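When a ligand or atom number is given, it counts from 1 through the structure's own listing order. Treat the numbers as computed from the prediction; the structure is a model and nothing was measured.
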Amino acid sequence: MQSAPSKLILCGEHAVVYGQPALAVPLGDLRAYAEVSAGTPGSGLSFVAPDLGEAWDAHVKPEHPLSELALALLASFGITQADLVLRLHAEIPLASGMGSGAAIGTALVRALAAWFDQELPPAQIADLVYASERRFHGTPSGIDNTVVAHEQAIWYVRHLTPAAQGFTATIEPVVMNAPLHLVIGDTGVRSMTRLPVGAVREAWQADPPRYEAFFAAIGQVVHRVRTALSEGDQQQLGALFNENQALLQEIGVSSPELNHLVAAARQAGALGAKLSGAGWGGVMFALVTPDQRSTVTQALHKAGATRVIATTVASS
Ligand code: PMV
C-alpha cells in the first residue's frame with residue numbers, strides 16, 4: 001500500500017497557467033491510497049476504485065487516464081504483461097480543487113514502483129502524473145502533480161515556451177516561519193478544472209491586456225504572500241488571501257457558493273479567506289488563529305459547506 005497527499009493552492013491559481021508564480025502546500029493528513037496485489041494469470045491490470053464509482057480492466061479501457069498512466073509506467077520498467085489488481089481509495093473530495101487526480105495518480109505510481117522494486121525520484125513521478133493530468137485539461141500548469149509528488153510546500157513558476165517545446169518550471173521549497181492553521185470548506189459543487197480554465201483562456205484571448213493585468217496583479221500578491229510566509233505574518237497573509245480572492249472574482253472563477261462560504265468565514269473572524277483551485281465550485285479555505293478554528297468551522301457548516309476540514313500546515 002502506498003499513498004500520496006492532497007494539496008491546496010494557497011495563491012496564484014489560474015495566473016500560474018500564464019507564467020505567474022503560485023504557492024501550494026501538500027495536506028499530509030488527507031490522502032489517496034493505492035494497493036497492488038497479484039491478479040489471476042492472464043487478467044492484465046484490473047482497477048478497483050469504489051470512491052470513483054468505477055472498476056475496469058486496462059485492456060478494456062486502455063484510454064482511461066489511470067490505465068494509460070499504469071501502462072506507461074510498466075513500459076518504462078520494460079514490463080509488457082503484468083497480472084495485477086490495483087485498488088484505489090481517496091479520502092480527498094473529488095473534483096474539488098484538492099488535487100485528488102494527482103494524488104490518486106501519484107499513489108498508483110508509487111505502489112507500482114514499490115511492487116516492482118523500482119526507485120522513482122519525485123520529479124519523475126511528477127512528470128508521469130502530469131502526462132495523465134493533461135487528459136483532464138489541455139494546459140495544466142503542472143503545479144498539482146508537482147506539489148503532490150514532492151510532498152512539500154512549493155513556489156512554482158511555469159516558464160512559457162511555444163507549446164510544441166513543452167515547458168520548464170522553477171520549483172523551490174517555501175520557507176514558512178509559522179504553521180498555517182486552515183479551515184477548508186467544500187461547496188459540494190463538483191467542478192471540472194478544464195471548464196473555468198477554458199473560460200479564462202477565452203476571456204484572455206478576447207481581451208489580452210485586461211487579463212494580463214489581472215494575472216500580473218495576482219503574481220504580485222503571490223510574491224507578497226511568500227514574504228509574509230517567511231516572516232510568519234499571519235495578519236498580512238490573511239489580507240493577501242482576501243486580495244487574491246477579489247482578483248479571482250474579477251476574472252470570473254468564483255461562484256455564489258464560494259463567495260458565500262468566504263463571506264461566512266470572514267464574518268466568523270477568519271484572518272482571510274479565498275477559493276482554492278480552479279473555482280466555479282470545489283473548495284475555499286480560511287486562514288485562522290488556533291482560537292478561531294472552531295468558530296470558523298461552525299460558521300462554514302452553518303453556511304452550507306458539505307464538508308469542513310481543519311488542518312495545520314507545519315512551518316518549514
Ligand atoms: O482545481 P485544480 O486543483 O485542478 O486547480 C487547478 C489550478 C489552475 O491554476 C486553475 C490550473 C492549473 O493547471 O494550474
Report summary line: In ligand 1, the atoms that come under 4.0 Å of a heavy atom of Ile143 are 14 (O)
Report task. Using distance alone, with no hydrogens and no angle criterion, decide if Thr170 and Trp155 have a side-chain donor and acceptor under 3.5 Å apart. Result -> no
Query raised in the report: For ligand 1, which atoms, with element, lie under 4.0 Å from some heavy atom of Ser141?
Result: 12 (C), 13 (O), 14 (O)
Query - Non-hydrogen atom of Lys7 closer than 4.0 Å to ligand 1 - result: yes
Query raised in the report: With distance as the sole criterion, is a donor-acceptor pair present between the side chains of His181 and Thr312 under 3.5 Å?
Result: yes
Query raised in the report: Under 4.0 Å from any heavy atom of His14, which atoms of ligand 1 are there?
Result: 8 (C), 9 (O), 10 (C)
**Report entry** CA sep, side-chain torsions, deciding dist, call: Gln81, Asp83, side chain to side chain donor-acceptor pair (under 3.5 Å)
**Finding:** CA-CA 7 Å; Gln81 170 66 27; Asp83 302 317; 2.7 Å; yes
Query raised in the report: Can the ring centroids of Phe285 and Phe241 be said to lie less than 6.0 angstrom from one another?
Result: yes
Query - Enumerated ligand 1 atoms positioned under 4.0 Å from heavy atoms of Glu13 - result: 9 (O)
Query raised in the report: If you measure only the distance, is there a donor-acceptor pair under 3.5 Å linking the side chains of Arg158 and Ser141?
Result: no
Requested in this report: For Ser254 and Gln245, test the side chains for any donor-to-acceptor distance below 3.5 angstrom and give the result as yes or no.
Outcome: yes
Query - Interfacing atoms of ligand 1 (cut-off 4.0 Å, heavy-atom, Val16) - result: 9 (O), 14 (O)
Requested in this report: Under 4.0 Å, heavy atoms only, figure out whether ligand 1 is touched by the backbone of Asp144, its side chain, both or neither.
Outcome: side chain
Query raised in the report: Does an N or O from Thr193, backbone or side chain, lie closer than 3.5 Å to an N or O of ligand 1?
Result: yes
Query raised in the report: So is there a nitrogen or oxygen of Gly277 less than 3.5 Å from a nitrogen or oxygen in ligand 1?
Result: no
Report task. Would you mind listing which atoms of ligand 1 come within a distance below 4.0 Å of any non-hydrogen atom of Pro140? Result -> 13 (O)
Query - Distance filter under 4.0 Å to Ala278 heavy atoms, resulting ligand 1 atoms - result: 1 (O), 2 (P), 5 (O), 10 (C)
Report summary line: Filtering Val17, Ile9, Thr146 for the heavy atom nearest atom 7 (C) of ligand 1 leaves Ile9
Query raised in the report: Side chains of Arg190 and Ser96: donor-acceptor distance under 3.5 Å anywhere?
Result: yes
Report task. Using the salt bridge (Lys or Arg N to Asp or Glu O under 4.0 Å) rule, collect all pairs that involve residues 220-241, keeping only residues at least two apart or in two chains. Result -> Glu172-Arg226, Arg224-Glu243
